[in-house]
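Quick notes on the structure that follows.
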Amino acid sequence: MLDYSMLYPKTTSSRRAVSMNGMWKFQLDEKGEGERNGWPEGIAGDQMIPVPASFQDFFTKKDIREYTGDVWYETDAFVPGEWEGKAIWIRFGAATHRAAVYVNGVKVAEHEGGFLPFVADVTEIVRYNAKNKVVVKVNNELTETNIPCGRTMTLADGKKMNKPYFDFFNYSGLQRSVHLMAVPKEAVYDFDLTYELCGSDAKIAYSIQTTGDHPVKVSLYDADGNEAAHSEGAEGTLFVQNAHLWQVRNAYLYRLVIQIMDDAQVVDEYEQEIGIRTVEVKGTDILLNGSPVYLRGFGKHEDSDIVGRGFNIGVMKRDFELMKWIGANSFRTSHYPYSEEIYQMADREGFLIIDEVPAVGMFESLMNFAEASTGKSTAFFEKETTPVLLKAHLKAVEEMITRDKNHPCVIAWSLLNEPETTNDAAVPYFKEIFDKARELDPQKRPRTFALIMNSTPDKCRCYQFSDIVALNRYYGWYVCGGYEISNAEMMFRKEMDGWKALDLNKPFIFTEYGADTLGSEHKLPSVMWSQEYQDEYLEMVHGVFDSYDFVKGEQIWNFADFQTTEGIMRVNGNKKGVFTRQRQPKDVAYLLKKRWESLPLDYKG
């Protein structure tokens, strides 16, 4: 069991959650001397920076954008006197990639893993009716023992530099919201929900975890505020008559209210919007509420101008409007769990999410995209440090599932992206990860991972672990691009025939495919990087998708152009976006819109 609550911060009759977002003091620590210089009690300088945001793109100095090492944040938090007697927490939506938190000079928390929340219990440290100094040291160095994987090198001039084994920029800092919270000492800690459909009715089996022994009461309210079901006890079943189901792009949300009671007095209260729906894989079908669904949508990134990977509520709104416009119904949170607000929005809008843990870069290459189809082997899971990596990976899986398990939008867990699977050493590693995900998820959602192009049907040792086989394939771009596209199609079909011959009786989806395209580039006849070629490439791959009845989804790479490490293969980032980084359509957006709006939800079902 995790030693802190992953529940989203809420203000209720018993709880208080106050945003600590805003301008914080900020300082780089090039020599790693912050502790020695007393920074846990207050950092040097007067530089300010927004939270939440990545720190890299605000400044004009390349040394800051590329900075690798410790960065320090500081703010003051006023704790009201009326909160005395409650548990006082500071909850960080994320700190990338590891953090140490100090309050009034005392270390109160440490956390490793840059895309999931953690809580600092400061009950015994804070001063009431007074300001409390909060200092956070964040470190963004990449290693092979934490996810996402990479390494940190030192240049000749002594500066550190991150070398990611993944193809997106290593944005970092306090990238998600920070909350000051007051919670009763006896509180709701976690809850599990499972669903069963019974004709027009539904059963919701629940299990509530609390920190005490007082009785629990659970109520369910419909969208009009009427009570739809009620139950007593920390475990039980809610019976919902004439249940409104949560459907694709047609979401119906109920409000679940959990109360700890002391006779008539509410000790603690927590509430969350939930959706009644079932998810399962049956044969080659992905079933939602017993009906087949064909996924159409995107691999995405949390990535936008200026704030980098920092949560931006305006960008989130625009992204959902564009996905609705184009006819999408799903996306994968490549390559890390996203900000919680994005799942809340997907719950409301009826989008399906494949939720991905930050296990990317498990193929030792600084240009993995270029080497993905070369047959290169790096024996990634045979390193002496692999057990340390596995421990970090399992912890991230636990944190992700604990955080996201009650979102109706989450229909599958993606447990790795493009790992090396051509070596037998990967097999026990995969088994442990997949078994852990099954154990942790009360709803037993399908599990998957995204197969790199080296992971072909005759070479991959790990596809058997997936309930849904997810392929990242770039025939026509990294393999046989341009005028060779006819060869690319033949190679693509040959591989798909190989998968078909295995007769796995599982759904396949494409979690990546695409072609880099400059929004300004037109060329007749086409050349690679032109908008015309992106259209031709998609016409080819769509023909392949449509030829195999076990292919049950397509999520193009990528929703929008995004930032990467600089290099000769990237023109100021990855340009495979259907939309520009500024969220404007390229020509291919109209081709996709026409296709996706014409496909029935149960296409090939």
Side-chain angles (χ1 to χ4, degrees), residues 24-40 42-51 53-74 95-100 102 110 112-114 135-175 303 305-310 358 360-361 363-371 378 380 383-385 388-389 562-574:
W24 291 44
K25 277 184 74 174
F26 178 78
Q27 188 64 257
L28 304 183
D29 186 7
E30 291 99 331
K31 296 180 180 177
E33 297 177 342
E35 279 98 346
R36 197 179 319 146
N37 293 332
W39 288 9
I43 67 177
D46 53 10
Q47 181 73 255
M48 304 291 283
I49 201 166
V51 172
S54 309
F55 70 81
Q56 282 87 350
D57 286 352
F58 292 114
F59 301 98
T60 55
K61 293 179 180 175
K62 194 164 185 174
D63 279 347
I64 300 180
R65 187 189 72 204
E66 302 297 328
Y67 178 80
T68 300
D70 295 339
V71 297
W72 291 72
Y73 291 80
E74 178 194 317
T96 315
H97 294 280
R98 58 195 61 80
Y102 302 85
E110 289 184 290
E112 183 164 41
V135 174
V136 188
K137 180 182 78 170
V138 181
N139 178 278
N140 70 346
E141 293 177 43
L142 297 174
T143 70
E144 292 186 344
T145 56
N146 186 40
I147 52 176
C149 297
R151 57 184 167 86
T152 300
M153 65 174 288
T154 303
L155 302 177
D157 61 5
K159 292 173 184 170
K160 290 180 184 175
M161 182 180 181
N162 273 311
K163 288 288 190 177
Y165 297 165
F166 48 86
D167 186 33
F168 55 92
F169 193 76
N170 187 42
Y171 281 119
S172 42
L174 295 180
Q175 302 187 123
D303 175 280
D305 285 333
I306 301 172
V307 297
R309 193 144 289 122
V360 57
F363 174 76
E364 190 177 331
S365 171
L366 300 178
M367 286 206 299
N368 55 357
F369 50 89
E371 297 183 307
T378 71
F380 193 84
K383 299 175 187 285
E384 283 183 22
T385 53
V388 185
L389 174 65
F562 60 92
Q563 197 65 58
T564 64
T565 304
E566 59 183 334
I568 57 172
M569 295 282 285
R570 293 283 173 254
V571 187
N572 187 24
N574 189 306

- Query: Between Thr143 and Asn146, is there a donor-acceptor pair closer than 3.5 Å when you use the side chain of the first and the backbone of the second?
  - Reply: yes
- Atom CG of Asp70 and atom NZ of Lys31: how far apart are they, to the nearest 0.5 Å? 14.5 Å
- Ignoring hydrogens and geometry, is there a side-chain-to-backbone donor-acceptor pair from Asp157 to Lys159 under 3.5 Å? yes
- Query: Which is it for Asp57 and Tyr171 under the side chain to side chain donor-acceptor pair (under 3.5 Å) test, yes or no, and what are the steps along the way?
  - Reply: CA-CA 9 Å; Asp57 286 352; Tyr171 281 119; 2.6 Å; yes
- Do side-chain atoms of Glu74 reach the backbone of Ile43 as a donor and acceptor pair under 3.5 angstrom? yes
- Query: CG/Asn170 to OG1/Thr96 distance, rounded to the nearest 0.5 angstrom?
  - Reply: 8.5 Å
- Message: How long is the straight-line distance from CZ of Phe169 back to OG of Ser54, given to the nearest 0.5 Å?
- Response: 9.0 Å
- Query: Does the side chain of Pro148 reach to within under 4.5 Å of the side chain of His97, using non-hydrogen atoms?
  - Reply: yes
- Message: In the structure I gave you, are the side-chain heavy atoms of Phe168 and Asp303 within less than 4.5 Å of one another anywhere?
- Response: no
- Using atom types as modelled and distance alone, determine if a side-chain donor or acceptor of Arg98 lies under 3.5 Å from a backbone N or O of Glu141. yes
- Task: State, with a plain yes or no, whether a side-chain heavy atom of Tyr102 is found less than 4.5 Å away from one of Trp39.
- Result: no
- Residue pair Lys160, Met153: steps toward the side-chain contact (heavy atoms from CB on, under 4.5 Å) verdict: CA-CA 6 Å; Lys160 290 180 184 175; Met153 65 174 288; over 6 Å; no
- Could you tell me whether a side-chain N or O of Asn140 sits under 3.5 Å from a main-chain N or O of Tyr67, the two making a donor and an acceptor? yes
- Does the side chain to side chain donor-acceptor pair (under 3.5 Å) test come out yes or no for Asn162 and Thr68, once each step is laid out? CA-CA 6 Å; Asn162 273 311; Thr68 300; 3.3 Å; yes
- Task: Might you work through the side chain to side chain donor-acceptor pair (under 3.5 Å) test for Asn574 and Gln563, ending with a clear yes or no?
- Result: CA-CA 6 Å; Asn574 189 306; Gln563 197 65 58; over 6 Å; no
- Query: When rounded to the nearest 0.5 angstrom, what distance separates OG1 in Thr565 from CZ in Phe166?
  - Reply: 7.0 Å
- Minimum-distance pair of heavy atoms, taken over all atoms of Gly34 and Trp72: CA-CZ2, 3.7 Å
- Item | Point-to-point distance, once rounded to the nearest 0.5 Å, from CH2 of Trp24 to CE of Met48 | 10.5 Å
- Ala99 to Val136 - nearest heavy-atom pair and separation: CB-CG1, 4.2 Å
- Query: In this structure, are over 12 heavy atoms from other groups packed under 6.0 Å from Ile64 atom CD1?
  - Reply: yes
- Message: Taking the side chain as everything from C-beta on, heavy atoms only, tell me whether Gln47 gets closer than 4.5 Å to Phe59.
- Response: yes
